[in-house]
Amino acid sequence: MSPDPDDPVREPRESSTANPRDAAVAELERQRTELRELGLETSPAPRDALVDPTRPLVSRSGWQDTTFRVAAHSGGTLVLLIMTLVGVFLLWRGAQAIDVAGWDFITEQDWEPNSGRFGIAAVLFGTVVIGLTAISVAVPLALVTATYITEYAPGAIKRFLIGVIDLMAAIPSVVYGLWGAYWLEGNLLPVAEWVSTYLGWIPIFAVSQFDPDDPLATPTVFTASAVLAGLIVAMMVAPISAAIMREVFDQAPVGEREGALALGASKWGVIRNVVYPFGQGGIIGGTMLGLGRALGETIAVYLVISPLFVINWQVLSTGTNSISSLIALKNGEANDFEVSALMAAGLVLFLITMLINFVAGFIIQRSRSGAAS
């Protein structure tokens, strides 16, 4: 049979290895041509709509979105600007003392700016000891508290404990300092004496002024110690760390929890294999935030320590110091050069705190909870 000349001649399809999208476009164009010749297509359809029905969403921001975006950017920029200005101010005011002391400012233990011998070695050591003591006590306490509130506490008790934790975080530091000076110190003396007696073979727990075999030995050599200051700061740090950990633990995926339970895991197994790995960022964040506050705590430490400008490795014995308490102690009677030295000490504390925060932020962003948020 000869082909009808009125019938449209159909081009043979090219069996090519071209892009599948191009082949789909050619096929749709051919079908549209046939429909147009039959008079069935009233209006041309968008080419992209025929090829891919999912269209990109185009957002049109109003003045509310623009205002919020500008306010958010301005707030973030303002915070960074203020922090930069604080660092520049401390560097400018402390430049005179740093220029006089040089590198000895980091290695010198004495604090006699007027005689030219001054440094922060002793107070920096005391700051680190107090901070590490506080964190070693506060982090386990905060972790256990956050775990109980999130996983075990009933509804009514959970709400009550959340409120108590938040209120503890808002208590002024001077209250903790008074509590430590008038209650904790007296009750801590027998414990410190026992530790020094039976664990004194460990250098940091030994107290050279105390002889456990002497019946007339007085326990006053254990007062105003770095451990006492660290325990007080730990009570201040624990509520903040617990609140952060609790918030992250609450966000652990429900599907993973139920999947672990369906596979036969116990409650502790779910916490250990699901909640804790997911909340790693919150644990690290709460720890670093607590450490930052512990390093910079002033009034509570100032009320309980006995200032000592010597590196004291015996953490249970009397005498320690910190950078923040040094500034509070010497600022009222300082001349211009001594103020410059105090500003330089504050600059060192500022840089240490910023470094801790940057390291914590880097670690949190690499965790599951930090990446999810």
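A donor-acceptor pair under 3.5 Å is absent between the side-chain atoms of S196 and the main chain of A192, judged by distance alone. The closest donor-acceptor contact from the side chain of D110 to the backbone of R117 lies at 3.5 Å or more, if one exists at all. For Q314 (side chain) and S208 (main-chain N/O), a donor-acceptor pair under 3.5 Å exists by modelled atom type. In terms of modelled atom types and a separation under 3.5 Å, the side chain of T353 and the main chain of G292 share no donor-acceptor contact. One N or O on the side chain of T298 and one on the backbone of G296 form a donor-acceptor pair closer than 3.5 Å. A donor-acceptor pair under 3.5 Å links the side-chain atoms of W201 to the main chain of Y198, judged by distance alone. With hydrogens and angles disregarded, a donor-acceptor distance shorter than 3.5 Å links the side chain of N273 to the backbone of G269. Although no hydrogens or angles enter the test, the distance criterion places a donor-acceptor pair under 3.5 Å between the side chain of S136 and the main chain of T133. Under the 3.5 Å distance criterion, the side-chain polar atoms of S173 are left unmatched by any main-chain donor or acceptor of A300. A distance-only check finds a donor-acceptor pair linking the side chain of T318 to the backbone of T223 [under 3.5 Å].
Between Y176 and W179, the ring planes lie perpendicular to each other; the angle is over 60°, past the 30° to 60° tilted range. Taking the six-membered ring for Trp and thresholds of 30 and 60 degrees, Y148 and Y152 have nearly parallel ring planes, at less than 30 degrees apart.
Between V129 and W313 the shortest side-chain heavy-atom distance does not fall below 4.5 Å. At a threshold of 4.5 Å between non-hydrogen side-chain atoms, the residues W111 and K330 count as touching. In this structure the side chain of V301 never reaches within 4.5 angstrom of the side chain of S324, judged on heavy atoms. Residues V195 and V227 fail the side-chain proximity criterion, which asks for heavy atoms closer than 4.5 Å. Side chains of L141 and M235 form a contact here, defined as non-hydrogen atoms less than 4.5 Å apart. S317 has its side chain out of reach of V221: every pair of non-hydrogen atoms, C-beta onward, lies at least 4.5 Å apart. Using a 4.5 Å heavy-atom threshold, the side chains of L308 and N321 count as separate. R93 is listed as a side-chain neighbour of V339, based on a closest heavy-atom distance under 4.5 Å.
Going from atom CD1 of I232 over to atom CD1 of I299 covers 12.5 Å, rounded to the nearest 0.5 Å. The line from CG of L81 to CE of M83 is 11.0 Å long, rounded to the nearest 0.5 Å. Taking CG from N187 and CG from L228, the interatomic distance works out to 11.0 Å, rounded to the nearest 0.5 Å. The CD atom of Q109 sits 11.5 Å away from the CG atom of L124 when rounded to the nearest 0.5 Å.
A pairwise comparison of heavy atoms in A229 and I305 identifies CB-CG2, 3.9 Å as the closest pair. When all heavy atoms of K158 and D250 are compared, the closest pair comes out as NZ-OD1, 3.6 Å. Shown here for I130 and S322, the closest heavy-atom pair between the two residues is CD1-CB, 4.3 Å. The shortest heavy-atom contact between F118 and A101 is CZ-CB, 3.6 Å.
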side-chain contact (heavy atoms from CB on, under 4.5 Å) between L347 and M343, intermediate numbers included: CA-CA 6 Å; L347 176 63; M343 291 292 180; over 6 Å; no

R246 and T145: CA distance, side-chain angles, deciding distance, side-chain contact (heavy atoms from CB on, under 4.5 Å) verdict: CA-CA 8 Å; R246 177 187 57 80; T145 302; over 6 Å; no

side-chain contact (heavy atoms from CB on, under 4.5 Å) between L349 and I327, intermediate numbers included: CA-CA 11 Å; L349 181 61; I327 296 174; 5.7 Å; no

From CA spacing to verdict: side-chain contact (heavy atoms from CB on, under 4.5 Å), F210, L316: CA-CA 11 Å; F210 177 74; L316 293 175; over 6 Å; no

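Around atom CZ of R159, no more than 12 heavy atoms belonging to other residues, nucleotides or ligands sit under 6.0 Å away. In the displayed structure, N335 atom CG is contacted under 6.0 Å by more than 12 heavy atoms of other residues, nucleotides or ligands.
Annotation: Y276 is in aromatic contact with F249 [ring centroid separation under 6.0 Å].
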